[in-house]
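Working notes, beginning with the structure itself.
Letters go in sequence order (proteins before strands), and every chain restarts at 1.
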4 protein chains.
Amino acid sequence: MDGSQVRHNGPGRTRASILGAARTVFAEKGYSGANVNEIVTLARTTKPMIYYHFGSKELLFAAVLEDVYAGMREYEQSLEVAGTPAADAMRRLVEVTFDYHAAHPDWIRLISIANIHRAKHIDGSPTLASRNAAVLEIVQRLLLRGAAEGVFRDGIDPLHLHLLIASFCFYRVSNRHTWKIIFKRDLADAADAIRQRDMAVDAVLRYLRPDNPPAN
Amino acid sequence: MDGSQVRHNGPGRTRASILGAARTVFAEKGYSGANVNEIVTLARTTKPMIYYHFGSKELLFAAVLEDVYAGMREYEQSLEVAGTPAADAMRRLVEVTFDYHAAHPDWIRLISIANIHRAKHIDGSPTLASRNAAVLEIVQRLLLRGAAEGVFRDGIDPLHLHLLIASFCFYRVSNRHTWKIIFKRDLADAADAIRQRDMAVDAVLRYLRPDNPPAN
Amino acid sequence: MDGSQVRHNGPGRTRASILGAARTVFAEKGYSGANVNEIVTLARTTKPMIYYHFGSKELLFAAVLEDVYAGMREYEQSLEVAGTPAADAMRRLVEVTFDYHAAHPDWIRLISIANIHRAKHIDGSPTLASRNAAVLEIVQRLLLRGAAEGVFRDGIDPLHLHLLIASFCFYRVSNRHTWKIIFKRDLADAADAIRQRDMAVDAVLRYLRPDNPPAN
Amino acid sequence: MDGSQVRHNGPGRTRASILGAARTVFAEKGYSGANVNEIVTLARTTKPMIYYHFGSKELLFAAVLEDVYAGMREYEQSLEVAGTPAADAMRRLVEVTFDYHAAHPDWIRLISIANIHRAKHIDGSPTLASRNAAVLEIVQRLLLRGAAEGVFRDGIDPLHLHLLIASFCFYRVSNRHTWKIIFKRDLADAADAIRQRDMAVDAVLRYLRPDNPPAN
DNA sequence: AATGAATGAGTTTTCATTCAT
DNA sequence: TATGAATGAAAACTCATTCAT
């Protein structure tokens, strides 16, 4: 009757829109709190499509998490800072990490939710298992470079350094709601956030600084 | 009128057992994932008792969270270390914080869950509102003492320092499941945990150390 | 507001009415074809009551089947025919079996349905496992008595004799619909049924008759 | 217009494979329990093919039943035993019937399922309506021949005799699952089956034997 | 303070069927 | 003929909450 047919989106279109909607809703409500109906409404499709494309609510959540971790690649690529002194590169790495977390609260919420469920939804994922966590190698190379330059101490475990950085950047976002109530200060406040960012850089660089720095 | 008397537990006994069971179940499954039936089964009582004592599932969860934060008092009291050099006291504070978090994963899970729900269940709680976060004062006093002793730098925001410490101690527990899958290392591994603990102390003390330490 | 309260039937009332409704609906539609909604409507209650009282649709069906087999007791009790010549007693046994099957088509349908599902719903039932099939003993005693009287042959397996009797009585009911279409005769036709009944008795007695009957 | 041609199976190939898969699945799960998806997966085709070739799930089931009854022809043809004494021929007829049922449990399950649904899926089928049930004529001729030979009684209704034979052969297969649980004996046990077969023959021949057999 | 049973609304999931290509 | 994707209706099941006692 009319040429403007709405049915049948392009291939993969429905799947993608479900994934996006699911990401939003899961991040907002948690796994159990999220509601399949709300997801399909937001995705402008129907419930069976979830089961057709993903198999179950659980597998849909797993797909969302894979998607979230795919985003980690993007973050990791932005970490590579070539050709600068190690200390500057490290400063940059902390700042980028800080900013990425600050800019992606959904990412953080979804990872928190995954942990509440003991990461069972990504356990056994071939995609994630085959991943080699690029951050660690970047950090590792940077540590070696800094040590060679004489600006970082030796023997730092890159995983532990990453833990120091990531925990700070993640927690200030993930736990800001309880902090606001308990400590009456909003960690997301812009002015304060800048000082937290400086602090993170400072803490990392001081931690790495050799006890007898080169006298140059 | 008839011999079949209903057994009463001691006063508050039912309430307490519901609270304990709820804590376990909410920590395990999250707010929405937790199920009122499971709670009463674990508490060896019946559903109406929840409504009698707490009013609703939401209010029960709020009560659990208050209970969790009451545990914070216990932690804070163990922080007070009198009569020692500031640096030693600070080392102690970090260690106690680290150990407390490591020993109370449920506490951490519940706080994560509260944050997923944007802390709405504790928002407006008179108990929590009236709380003056003792940690901050302890940290504050310690910072001043250390500055006076000349072993800490000036101008450190106690909230930020607490953030540095707490984020590390919290995150390594809260996010250990996803870390295990992504980085193939278990942050809870005993030997590694010791090194993380040393690192936390080290990072904090190096962060506080004055640039020109007193020549003593 | 009004004294005629309908809610809350007597204890066990809801359970019993669900069981009765389920029996009707399962017999009518088969296990998968039966619909939980229809059952609760017929039982004048609500869906959760099925899950509260029985646990699942499958367990409800299992309960129906147990109920069906409980009916077998009633049938078995009516088999005991004391103090008559063995041949007369056997005639009576066949007739009672015939009549019982003819009078309980639902019983037959439910057992057919159970067999379609390979009896998995009653497999492992403690009630049914502990049952000692009284028919077999009755038949056994009757065979011995007849042999002693010299009117039955020796060495008949009571289970096989019961198979001969039951198969005829069951099948003519269970398969009458396909027979009607294939052979254009209705096995349930009253006049014909009488002849079938006579035939069943006749076939059994002739089968049991000794080759050299006592010359009395 | 483009190289990506859809693979066509041979003519009727898809139809036949759907029919075969449907037979398997319906026999296994019953009409309602069977699932169109499972059928097409087993048939290695897609759902619309069912609707293209058969019109609906119900019509597909009807087609399966027609197919099942077509198998009856094969059975009936194997019944014709020429040129032997009537008693031997009858023995053979019972044995063939017994063996055919024993060898085709799916056939039996499908007929049971059809009866659960009151044979509505084959009601009105022109194919089946036009069928003249060959068994009955074979049995009829055999009875006449036996009577002429003086080895069978007169006046036996061939339909009733067929009922006696078929019920035994069908029921021992159709109801073996519940029998196994109730009577703790497996009617399909090979050694026992032989005795059941002998019994069937014996029961039929004794039923037919004249009261005053010819003294030959 | 306690219980067994009930309720209504909602949850995830399934299914036969059909559309566009 | 054949396919991948979509649909609408309904299926089984769950849940927080409340009633009558």
In whole angstroms, the gap separating P of F:dG8 from CD1 of A:I50 amounts to 16 Å
Residue pair A:R23 / A:L110, side-chain heavy-atom distance below 4.5 Å: yes
Value in whole Å for how far the P atom of E:dT18 lies from CG of D:N37: 15 Å
Strictly below 4.0 Å, heavy-atom distances to any atom of DNA chain E: list the hits from residues 54-64 of chain D, or just say none. D:S56, D:K57
Sort and list the pairs that fulfil ring pair (Phe, Tyr, Trp, His ring centres under 6.0 Å) and have at least one residue in residues 22-52 of chain A, not counting sequence neighbours. A:F26-A:Y31, A:F26-A:F61, A:Y31-A:F61, A:Y31-A:H117, A:Y31-A:H121
Looking at A:K47 and E:dT14, is any side-chain donor or acceptor paired with a base atom of the opposite kind under 3.5 Å? no
Once you round it to whole Å, what is the distance between P of E:dA2 and CZ of B:R15? 13 Å
What pattern of brackets, bars and dots sums up DNA chain F from 5' to 3', given Watson-Crick or G-U wobble pairs under 3.5 Å, [ ] for crossing pairs and | for another strand? .||||||||||||||||||||
Using only side-chain N and O atoms of D:T14, determine if any of them is under 4.0 Å from OP1 or OP2 of F:dA2. yes
Closer to the 5' end of DNA chain F via nearest nucleotide, is it B:P48 or A:M49? A:M49
Considering only residues two or more places apart or on different chains, which pairs with a residue in residues 106-123 of chain A satisfy salt bridge (Lys or Arg N to Asp or Glu O under 4.0 Å)? A:E58-A:K120, A:R118-B:E28
Taking only the side-chain nitrogens and oxygens of A:H53, find out if one of them lies under 4.0 Å from OP1 or OP2 of F:dG4. no
Atom CD1 of C:I18 to atom C1' of E:dA5: distance rounded to whole Å? 11 Å
Using modelled atom types and a 3.5 Å cut-off, is there a donor and acceptor pairing between side-chain atoms of A:D67 and backbone atoms of A:A63? no
Does a side-chain heavy-atom distance below 4.5 Å link B:S174 with B:I108? yes
Nearest heavy atom decides the nucleotide; on that basis, is A:V36 or D:V36 closer to the 5' end of DNA chain E? A:V36
With D:K47 via side-chain contact (heavy atoms from CB on, under 4.5 Å) - residues at least two apart: D:V36, D:N37, D:V40
Distance in angstrom units between D:Y51 OH and F:dT1 C1', rounded: 17 Å
In this structure, how many angstroms lie between the C1' atom of F:dA2 and the CZ atom of D:R13, rounded? 15 Å
Counterpart residues, side chain to side chain donor-acceptor pair (under 3.5 Å), relative to C:T24 (two or more places apart): none
E:dA1 P sits how many Å from B:Y52 OH, rounded? 4 Å
Within less than 4.0 Å of OP1 or OP2 of E:dA2, is there a side-chain N or O belonging to B:T46? no
Pairs touching residues 48-57 of chain C that satisfy salt bridge (Lys or Arg N to Asp or Glu O under 4.0 Å), sequence neighbours left out: none
Please enumerate all residues that pass side chain to side chain donor-acceptor pair (under 3.5 Å) together with A:S32, with sequence neighbours excluded. none
Residues of residues 26-35 of chain B with a heavy atom under 4.0 Å from any atom of DNA chain F, listed by number, are B:A34, B:N35
List the residues meeting side chain to side chain donor-acceptor pair (under 3.5 Å) with C:T45, not counting sequence neighbours, and say none if there are none. none
Between E:dA2 atom P and B:R44 atom CZ, what is the distance in whole Å? 14 Å
For D:E66, side chain to side chain donor-acceptor pair (under 3.5 Å) partners two or more places apart: D:S125, D:T127
What residues form a side-chain contact (heavy atoms from CB on, under 4.5 Å) with A:A114, not counting sequence neighbours? A:L65, B:T178
